[in-house]
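Throughout, residue positions are numbered sequentially from 1 according to the sequence presented. Note that this is a predicted model, so its numbers are computed, not measured.
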Amino acid sequence: MTTTFAVVGIHGYGKQHLHQIGQLAAEGRARLVAVVDPRGTDGAAHVPPGTPAFGDLSELLAETVPDVVTFATPIHTHLPLAAQAMRAGAHVLLEKPTTASLPELRELIAVADETGKSVQVGFQSFGSHAFDRIAEITASGRIGEITGIGGIGLWRRARSYYDRSPWAGMRRLDGLEVVDGVVTNPLAHSIASALRIAGARRAEDVAEVVVDLFHANDIEADDTSAVRLRTTSGMPIALGLTLAAEEPHTTPRVFVHGTAGSIEFRYTSDVLIVRAGGGEKTEEVQRTSLFENLLDHLQHGIALLADVRDTGAFMRVLEAVRTAPDPAPIAAEHQEIVGEGPESYRVVRGVDDWCRKVSEELATFTELSAPWTAAPAAAHAPASAPQHTHGVRA
Ligand SMILES: NC(=O)c1ccc[n+]([C@@H]2O[C@H](COP(=O)([O-])OP(=O)(O)OC[C@H]3O[C@@H](n4cnc5c(N)ncnc54)[C@H](O)[C@@H]3O)[C@@H](O)[C@H]2O)c1
């Protein structure tokens with residue numbers, strides 16, 4: 001059986017969607033019937049020649065309704081576009097973060113319920129077989145009792161990353177929520193993966209979120225942040241994340257801390273490192289693609305790996321970021337600008353070690369007194385209040 005696909009948003013991450021669909025097409029399982037982008041297909045060599053192209057989703061749906069529409073479009077377009085596709089009769093693969101707010105997520109789930117359509121969300125790490133393996137290792141008692149889950153993400157983004165699109169690095173745009181910061185976009189997978197290890201899937205599985213948001217770049221949103229949270233089951237989780245890293249070639253990783261050892265999960269490469277009993281063992285695990293899983297779901301009733309409903313726990317974190325005070329700037333004395341022009345980038349001094357401390361001590365930058373969290377010397381009170389607690393329920 002061949003499932004028809006259309007890809008909406010083709011000039012950025014949509015390339016990956018086209019690549020995945022191309023692989024499934026080679027196996028005879030999928031067929032690309034159209035692409036949609038207001039920028040057209042000029043310069044999009046990754047779009048197969050002859051693919052019908054439309055300037056917006058309404059034009060496509062007036063012509064044909066594919067079985068699945070995939071979206072790699074700006075965050076603030078996710079809810080309206082995905083809802084429109086479902087109401088027209090298509091299933092959806094929607095990039096993360098699911099929507100620009102928790103109320104929007106609830107609306108999207110309501111449309112999925114009402115139309116009976118499936119929504120897979122682009123948290124590709126959810127396809128990793130690491131989660132089952134981590135559950136096996138922890139159940140075996142090899143790392144003792146679990147004491148918490150940590151995470152570090154050390155990346156760098158150049159000026160050109162923020163200049164590529166009007167929504168990049170914004171919290172709001174033209175009165176719409178955008179929430180495009182390090183926590184909610186580039187390193188969102190690390191938080192989503194930590195939550196999944198803890199078994200937190202739905203919004204109600206998260207009891208408390210503390211966000212500690214800063215920016216080194218000249219942007220509105222955060223690029224250097226700590227997130228500390230507690231699941232309803234009582235698991236503490238904390239991650240230190242930056243796009244202004246000193247050593248940017250470290251793959252992002254999530255740690256399961258135990259009383260007798262630890263497990264490190266490198267979610268971009270599906271590598272697990274188990275440290276216990278004085279030794280260290282590295283394992284590689286497989287990954288199921290979200291596209292393949294969506295086809296298995298539609299054709300054989302297999303459960304979705306990243307069902308929209310199971311992104312609720314992550315969306316509690318996004319909601320905490322969205323409703324927090326604006327991120328505080330990191331003073332010039334704590335950072336360096338390297339290079340000039342579009343490829344110049346910022347580095348926050350010492351940030352790599354502070355992210356590691358967040359992950360190990362399960363505390364935020366402010367709680368740990370990282371240097372950039374101190375109020376400027378001339379001020380009597382902090383210039384801003386970047387640390388914000390959201391929805392304490394316990
Ligand atoms: N899963 C991942 O690892 C991953 C990685 C990168 C980006 N993403 C996600 O993909 C989405 C897009 O990010 P990006 O970095 O590619 O953004 P981008 O701004 O670089 O590209 C977005 C594309 O969508 C098009 N577009 C904008 N509005 C549209 C509309 N109304 N209809 C159709 N097309 C429209 C733009 O012209 C552009 O081609 C975001 O949700 C982002 O978080 C996911």
Enumerate, atom names and distances included, each donor-acceptor pair closer than 3.5 Å involving a side-chain atom of residues 34-44, sequence neighbours excluded.
from, atom 1, to, atom 2, distance (Å)
Asp37, OD1, Arg39, N, 2.9
Asp37, OD2, Ile10, N, 2.9

For Ser233, what residues pass the side-chain hydrogen bond (donor to acceptor under 3.5 Å, both in side chains) criterion, not counting sequence neighbours?
Thr231
Would you say the side chains of Ser160 and Glu343 form a donor-acceptor pair under 3.5 Å?
yes
To the nearest 0.5 Å, tell me how far Ile263 CD1 sits from Ile134 CD1.
5.5 Å
Have a look at Leu229 and tell me which of Leu195, Ile149, Val210 forms a side-chain contact (heavy atoms from CB on, under 4.5 Å) with it.
Leu195
Would you list the atom pairs, donor with acceptor, under 3.5 Å between side chains in residues 182-189 and any protein atom, with sequence neighbours excluded?
from, atom 1, to, atom 2, distance (Å)
Thr184, OG1, Val179, O, 2.5
Thr184, OG1, Gly181, N, 3.1
Thr184, OG1, Gly181, O, 3.4
Asn185, OD1, Lys96, NZ, 2.7
Asn185, ND2, Asp180, OD1, 2.8

Are a donor atom and an acceptor atom from the side chains of Thr251 and Thr268 found within less than 3.5 Å of each other?
no
Residue list, side-chain hydrogen bond (donor to acceptor under 3.5 Å, both in side chains) with Arg87, at least two apart or on another chain:
Glu114
When clusters are formed from ILVMFWY side-chain contacts under 4.5 Å, directly or step by step, what else is grouped with Leu173?
Ile75, Trp167, Met170, Val178
Donor on one side chain, acceptor on other, Thr3 and Asp67, under 3.5 Å
no
Test item: side-chain donor near acceptor, Thr288 and His129, under 3.5 Å:
yes
The criterion is salt bridge (Lys or Arg N to Asp or Glu O under 4.0 Å); which residues satisfy it with Arg106, sequence neighbours excluded?
none
Could you pull out all residues at least two apart from Asp352 that satisfy salt bridge (Lys or Arg N to Asp or Glu O under 4.0 Å)?
none
Distance-only polar pair, side chains of Asp205 and Thr232, donor-acceptor under 3.5 Å:
no
Evaluation steps, side-chain hydrogen bond (donor to acceptor under 3.5 Å, both in side chains), between Gln387 and Thr364
CA-CA 8 Å; Gln387 178 156 312; Thr364 65; 2.6 Å; yes
Among pairs that include at least one residue of residues 235-282, which meet ring pair (Phe, Tyr, Trp, His ring centres under 6.0 Å), considering only residues two or more places apart or in two chains?
Phe131-Phe265
Does Arg164 make a cation-pi contact with Tyr161, if we ask for NZ or CZ under 6.0 Å from the ring centre and within 45° of the axis?
yes
Sorted by chain and number, sequence neighbours left out, side-chain hydrogen bond (donor to acceptor under 3.5 Å, both in side chains) with Glu104 holds for none
side-chain hydrogen bond (donor to acceptor under 3.5 Å, both in side chains) assessment of Ser128 paired with Asp270:
CA-CA 6 Å; Ser128 177; Asp270 292 315; 2.7 Å; yes
Name the one of Val308, Leu108, Leu81 that satisfies side-chain contact (heavy atoms from CB on, under 4.5 Å) with Leu94?
Leu108
Before giving the answer on side-chain hydrogen bond (donor to acceptor under 3.5 Å, both in side chains), spell out for Thr373 and Thr366 the whole-Å C-alpha distance, their side-chain angles and the decisive distance to 0.1 Å.
CA-CA 6 Å; Thr373 64; Thr366 296; 4.6 Å; no
Residues that, via side-chain heavy atoms closer than 4.5 angstrom, fall in one hydrophobic cluster with Leu176
none
Residue pairs passing the ring pair (Phe, Tyr, Trp, His ring centres under 6.0 Å) test with at least one member in residues 283-341, sequence neighbours excluded, are His17-Phe291, Phe123-Phe314
With no hydrogens and no angle check, do the side chains of Gln124 and Ser289 hold a donor and an acceptor under 3.5 Å apart?
no
Can you tell me which residue pairs pass the ring pair (Phe, Tyr, Trp, His ring centres under 6.0 Å) test with a partner in residues 46-66, sequence neighbours excluded?
none
